[in-house]
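To start, the structure itself, in structure tokens.
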2 protein chains.
Amino acid sequence: MERDDGGVPGLAASAARGPEAGTDFVARGPGAGADFVAVGLAADLVILTVRDGRLQVLLIRRGIEPYLGRWALPGGFVRPDEDLEASARRELAEETGLSSERLHLEQVATYGAPDRDPRGRVVSVAYLALVPDPPAPVAGSDASSAEWVDVADLLQDRAGTADDGLAFDHRRILGDGVERARAKLEYSPLATAFCPAEFTISELRGIYEAVWGTPLDPRNFHRKVTKTPGFVEPSGATTTRDGGRPAQLFHRGTAHTLHPPMTRAG
Amino acid sequence: MERDDGGVPGLAASAARGPEAGTDFVARGPGAGADFVAVGLAADLVILTVRDGRLQVLLIRRGIEPYLGRWALPGGFVRPDEDLEASARRELAEETGLSSERLHLEQVATYGAPDRDPRGRVVSVAYLALVPDPPAPVAGSDASSAEWVDVADLLQDRAGTADDGLAFDHRRILGDGVERARAKLEYSPLATAFCPAEFTISELRGIYEAVWGTPLDPRNFHRKVTKTPGFVEPSGATTTRDGGRPAQLFHRGTAHTLHPPMTRAG
DNA sequence: GCAAAAGTGTTAGAGGTACACCCATGA
DNA sequence: TCATGGGTGTACCTCTAACACTTTTGC
């Protein structure tokens, strides 16, 4: 874009067509050659949470073709004057019922293979959202059924059974989103985004164990988290909700990166 | 996208307009409300190299409005049936004259603020490319002047002088690309992508020093690189091109991640 | 008291930092 | 011979991994 290729963006007439037209979603630029293309722009969401010690993702059961009846990531088209992140945030609020102000949201990647949507050229910008445990029961959604699904079940590779998985390229998007979350837990305090305002160290450890899929030593974990500057701050209160000796409650610290990082093999 | 919002992608007639039309680049969906938008899709490139010990980026001098005469990242519109990465790779080959097959290329992020291009809604997918030192002199390019520019000069914040910087939001894109490169040098063998097929350890160290902007201890660096499994493999040959005692030559190893990672403070 | 979870102490080893020192070449 | 960069040895420190042990609650 923004190159000296002579063309100023504009849509030529060939694209004018009603809805339901099917395949030819492409609008070509001014010249005789196809020097640019107008595409549908969507934002899709990988909304993760940890429930019952398992990493889960919010999915929607599709009510229309294509991929009727299959699981898909929530998402929607970006509106004409809407910023990409604003669009993702709006859809996040719609799907979870949570005021998305305080939720963690970050862009992951953009998917634009020409054939990824059988209806035409649609480019999807994927966002990763992390929500704390008792996430609103997906109430106000205008969509059909939405559900929390175990990520492990979706990502395990059952060779050949590609046809009962996620719609479109959503399995790949989910994989990339989960990989991003796993990586960021190492060097950022992002795990706290899965926790309520106040949490115990072992609840935080449960997040790490669920996302990484590996057990961690409770004693070393406790020491490391409490000694990493800016990771968590004691709130003063304690709780016995996890059983045993009362545990201190903490809230998020102010750090944006962790020094030293958390280590995965432990 | 891909939601049960009732609309199948298609372009309504309002968008049909000739080139040079200027601002109204937006095509609306089927309903009366603006439930989706068709956008121009571009791929922009942050092409980095290290020359004379300095991190540099390939920029183009714009020959047309808007931002006439300003520096901009190379890039162009994605073609109708072209994959995003294929588009970036094609433009990379056009700009550098190098066969882009062997060059490192990765997606960084997507920029889609509604007002980022004054001509209309254009969404840009940014890619990061790393090329080895004597990069082809930007020959076959169809564009106007292209030049290697010091990244440090472009990114230092001179408060207020926003108007002689990069066109569009390209300064931000450049910043994100450089930040990605800096981060990946830590945990991936990516620095070798800046090097020719055979290189010495101190040449590799020069890459790190230029990208991170910090001096590194030659002795510890040497030990660490040669002991990290899969980072580099000795080729058997030696060279004296850097002066002093002959240095062993190495080529890239097979590792995709570095254990342990390189450390920035050193 | 007993189970369970919180939290502290300790030790061996890996890795990082700093720097002294020797090696192999060109000029 | 000297300057230059290549490369090794080593001491000190921090961080990690593993695990023994004490603390404080509920039942």
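Throughout, protein chains are lettered first and strands after them, A, B, ... in sequence-line order, and every chain is numbered starting at 1.
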Provide, to the nearest angstrom, the distance between the [atom1] atom belonging to [X] and the [atom2] atom belonging to [N].
X	N	atom1	atom2	result
A/Arg223	C/dA5	CZ	P	19 Å
B/Leu204	D/dG6	CG	P	12 Å
B/Leu216	D/dG5	CG	P	16 Å
A/Asp217	C/dT8	CG	P	14 Å
A/Phe221	D/dC15	CZ	P	17 Å
A/Ile201	D/dT24	CD1	P	18 Å
B/Phe199	D/dG6	CZ	C1'	16 Å
A/Arg264	D/dT16	CZ	P	16 Å

Does A/Arg219 or A/Gly244 map to a spot on DNA chain C nearer the 5' end, using the closest nucleotide for each?
->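 Nearer the 5' end of the strand: A/Gly244.
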Side-chain N or O of [X] less than 4.0 angstrom from OP1 or OP2 on [N]?
X	N	result
A/His222	C/dG7	yes
B/Thr240	D/dG6	no
A/Lys224	D/dC15	no

Evaluate whether atom CZ of A/Arg182 has more than 12 neighbouring non-hydrogen atoms of other residues, nucleotides or ligands under 6.0 angstrom away.
->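 Counting other residues, nucleotides and ligands, CZ of A/Arg182 exceeds 12 neighbours.
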Atom CZ of B/Arg252: over 12 foreign heavy atoms under 6.0 Å |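 It does: B/Arg252 CZ has more than 12 such atoms within range.
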Looking for any heavy atom pair under 4.0 Å, which part of the strands does B/Asp242 touch: base, sugar-phosphate only, or nothing?
->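 Sugar-phosphate contact only.
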With a non-hydrogen cut-off below 4.0 angstrom, is A/Ser202 in contact with a base, only sugar-phosphate, or nothing?
->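 It contacts sugar-phosphate atoms only.
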Tell me which nucleotide among [options] gets nearest to the side chain of [X].
X	options	answer
B/Pro246	C/dT25, D/dT16, D/dC19	C/dT25
B/Pro260	D/dA18, D/dT10, C/dG15	C/dG15
A/Ala247	D/dT10, D/dG6, C/dG7	C/dG7

Should B/Glu106 and B/Arg180 be marked as a salt bridge (Lys or Arg N to Asp or Glu O under 4.0 Å) after you check the CA-CA gap, both sets of side-chain angles, and the distance that decides it?
-> CA-CA 10 Å; B/Glu106 67 179 273; B/Arg180 168 74 63 93; 2.7 Å; yes
Is there a donor N/O on one and an acceptor N/O on the other, under 3.5 Å, for the side chain of A/Arg245 and the base of D/dT23?
->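 Answer yes: a donor N or O sits under 3.5 Å from an acceptor.
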Centroid-to-centroid, A/Phe250 to A/Phe199, below 6.0 Å?
->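 Judged by ring-centre distance (under 6.0 Å), A/Phe250 and A/Phe199 do not meet the cut-off.
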Residues B/Arg241, B/Glu203: salt bridge by 4.0 Å N-O rule =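 Looking at B/Glu203 together with B/Arg241, the answer is yes, because their closest N to O distance falls below 4.0 Å.
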Nearest-nucleotide wise, let me know which of A/Asn220 and B/Thr200 is further upstream toward the 5' end of DNA chain D.
->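 This one resolves to B/Thr200.
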